[in-house]
There are 2 protein chains.
Amino acid sequence: MNSTAKSCAALAKQLTDSGLRPTPQREVVFKVILEKRDHPTADEIYVRVKSQMPTISLATVYNCLETLVHCGLVRQVNLERAPTRYCPNLHEHAHFHDDTTGQVHDIELPADTIKELRKLLPIGFDANTVELAFRGRAASDPHGSN
Amino acid sequence: MNSTAKSCAALAKQLTDSGLRPTPQREVVFKVILEKRDHPTADEIYVRVKSQMPTISLATVYNCLETLVHCGLVRQVNLERAPTRYCPNLHEHAHFHDDTTGQVHDIELPADTIKELRKLLPIGFDANTVELAFRGRAASDPHGSN
DNA sequence: TTCCTGTTTAGAATTATTCTAAATCCATGT
DNA sequence: ACATGGATTTAGAATAATTCTAAACAGGAA
Ligand SMILES: [Mn+2]
Ligand SMILES: [Mn+2]
Ligand SMILES: [Zn+2]
Ligand SMILES: [Zn+2]
């Protein structure tokens, strides 16, 4: 009944609802993303997945990631021109990219932050996505937020 | 005494102050970025620059852009995984990426917006960059903001 | 002029990602 | 059970933005 178990169960339903199959590859990729929420890259996910499913290919990891993103189960995080990272946190949140360590931290936002930011748009602009990213240095262990 | 003339004059000073030379290539790349503030990519800049300086190379355009960014004369704008764009607007501002047209619009922000966003960071986080980007659709001519 | 260093240039290299086409899987209909 | 067809996986090739390399070039100082 931890977040991983619950969300893994949700995976099959979500995929089936989208007319897609809950394949072992999709399940293991999703599980790996839930297990260590450190915003891994496709390559990092590939390495982690291979330890459980040594025959999986990198192309399949990319395919699975695209599927999970399209189903809304995983968020895609692009910072600068670095390799794309993947995030299972579906709450509205920002990202903090630590220059020094390269780590990416989730920054939880007050409930109305994104709504307020949308209001800054001039009339005629309609945003379906708002992305907020910080870059700088984080204290060595900023009270456990990865 | 328009913004282009003023900033072009500033270029030589800014470069010299950084111990760099105000070369013709750097000047024409900067001029092109000021002339049409539509957040062009390196390739688009290359094409525009070649019409004035046909012998310039793409590598030089990249080199000049890196120099201009490092001197703080131009902002680098990364949206999704699209090619990097370049922006001469040095005010604090956000970007709106129009899915339909591919255009990028500047969104001017109230004076304290970025400061307020910084306050959302937990203690221990110190951001030297805050990036805010919207994606969606803009009205065909949102009162002239490119 | 000669020297020194920064700059430009063409082309090769890198690398994240996407594409291609062939195998494999699997739900469904017979 | 078996056959069929579409979805999925896979290896490897291809793509494309950017960076790197190494050789020419430029221009100020000695
Ligand atoms: Mn997509
Ligand atoms: Mn840089
Ligand atoms: Zn996240
Ligand atoms: Zn801008």
Side-chain angles (χ1 to χ4, degrees), chain A residues 11-32 39-50 52-71 73-74 76-86 97 102 104, chain B residues 11-12 14-32 39-50 52-71 73-86 97 102 104:
Chain A
L11 172 65
K13 175 175 165 33
Q14 190 94 354
L15 286 172
T16 306
D17 287 358
S18 307
L20 301 168
R21 296 183 194 162
T23 66
Q25 287 87 349
R26 285 169 179 165
E27 276 166 12
V28 68
V29 166
F30 188 49
K31 185 149 74 76
V32 153
H39 302 85
T41 64
D43 265 304
E44 287 164 349
I45 292 166
Y46 179 48
V47 169
R48 295 176 197 180
V49 162
K50 268 210 293 197
Q52 299 182 239
M53 183 185 277
T55 58
I56 200 171
S57 74
L58 178 56
T60 298
V61 170
Y62 273 104
N63 289 341
C64 292
L65 290 171
E66 188 182 12
T67 299
L68 296 175
V69 168
H70 280 158
C71 287
L73 288 158
V74 166
Q76 208 167 342
V77 180
N78 292 115
L79 299 168
E80 308 285 300
R81 300 207 60 71
T84 299
R85 295 169 173 279
Y86 296 87
H97 184 224
V104 174
Chain B
L11 171 64
Q14 190 94 354
L15 286 171
T16 306
D17 288 358
S18 306
L20 301 168
R21 296 184 195 159
T23 65
Q25 287 86 349
R26 284 168 179 165
E27 277 166 12
V28 67
V29 166
F30 188 49
K31 184 150 74 75
V32 153
H39 302 85
T41 64
D43 264 305
E44 287 164 348
I45 292 166
Y46 179 47
V47 169
R48 295 176 197 180
V49 163
K50 268 209 294 196
Q52 299 182 235
M53 183 184 277
T55 58
I56 199 172
S57 74
L58 179 56
T60 298
V61 170
Y62 273 105
N63 290 341
C64 292
L65 289 171
E66 188 181 13
T67 299
L68 295 175
V69 169
H70 280 160
C71 287
L73 288 158
V74 166
R75 260 185 70 175
Q76 209 167 343
V77 180
N78 291 305
L79 299 168
E80 308 284 303
R81 301 207 60 72
T84 299
R85 295 169 173 279
Y86 296 87
H97 184 224
V104 174

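When reading the values below, keep in mind they use all heavy atoms of this one structure, side chains included, and skip hydrogens, waters and symmetry mates. Chain letters run A, B, ... following the sequence lines, proteins first, then strands; residues in each count from 1.
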Hey, what are the protein-to-nucleotides 5-8 of chain D N/O distances that come in under 3.5 Å?
unit_1	atom_1	unit_2	atom_2	d
dA7(D)	O4'	R21(A)	NH2	3.3
dT8(D)	OP1	R21(A)	N	3.0
dT8(D)	OP1	R26(A)	NH1	2.8

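Without hydrogens or angle criteria, R21(A) side chain to A12(A) main chain gives no donor-acceptor distance under 3.5 Å. At distances below 3.5 Å, at least one donor-acceptor pair connects side-chain atoms of E44(B) with backbone N or O atoms of T41(B).
Rounded to whole Å, the distance from CE on M53(B) to C1' on dT7(C) is 12 Å. I56(A) has its CD1 atom 15 Å from the C1' atom of dC25(C), to the nearest Å. In this structure, Y46(A) atom OH and dT9(D) atom P are separated by 14 Å, rounded to whole Å.
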When you check every protein heavy atom under 4.0 Å of nucleotides 14-24 of chain D, what one-letter string (B, S, -) results, 5' to 3'? ---SBB-----

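Shortest non-hydrogen contact noted between I56(A) and Y46(A) is O-CE1, 3.5 Å. Across every non-hydrogen atom of C71(B) and S18(B), the tightest pair is SG-OG, 3.8 Å. Nearest heavy atoms, R26(A) versus L11(A): O-CD2, 3.9 Å. Of all heavy-atom pairs between H39(A) and R85(A), the closest is O-NH1, 2.6 Å.
Of the side-chain N and O atoms in T60(A), one or more sit less than 4.0 angstrom from OP1 or OP2 of dT10(D).
Atom OG1 in T84(B) sits 13.0 Å away from atom CZ in R75(B) (nearest 0.5 Å).
In summary, of the residues considered (I45(A), D43(A), V32(A)), a side chain to side chain contact (heavy atoms under 4.5 Å, CB included) with V61(A) occurs for I45(A) alone.
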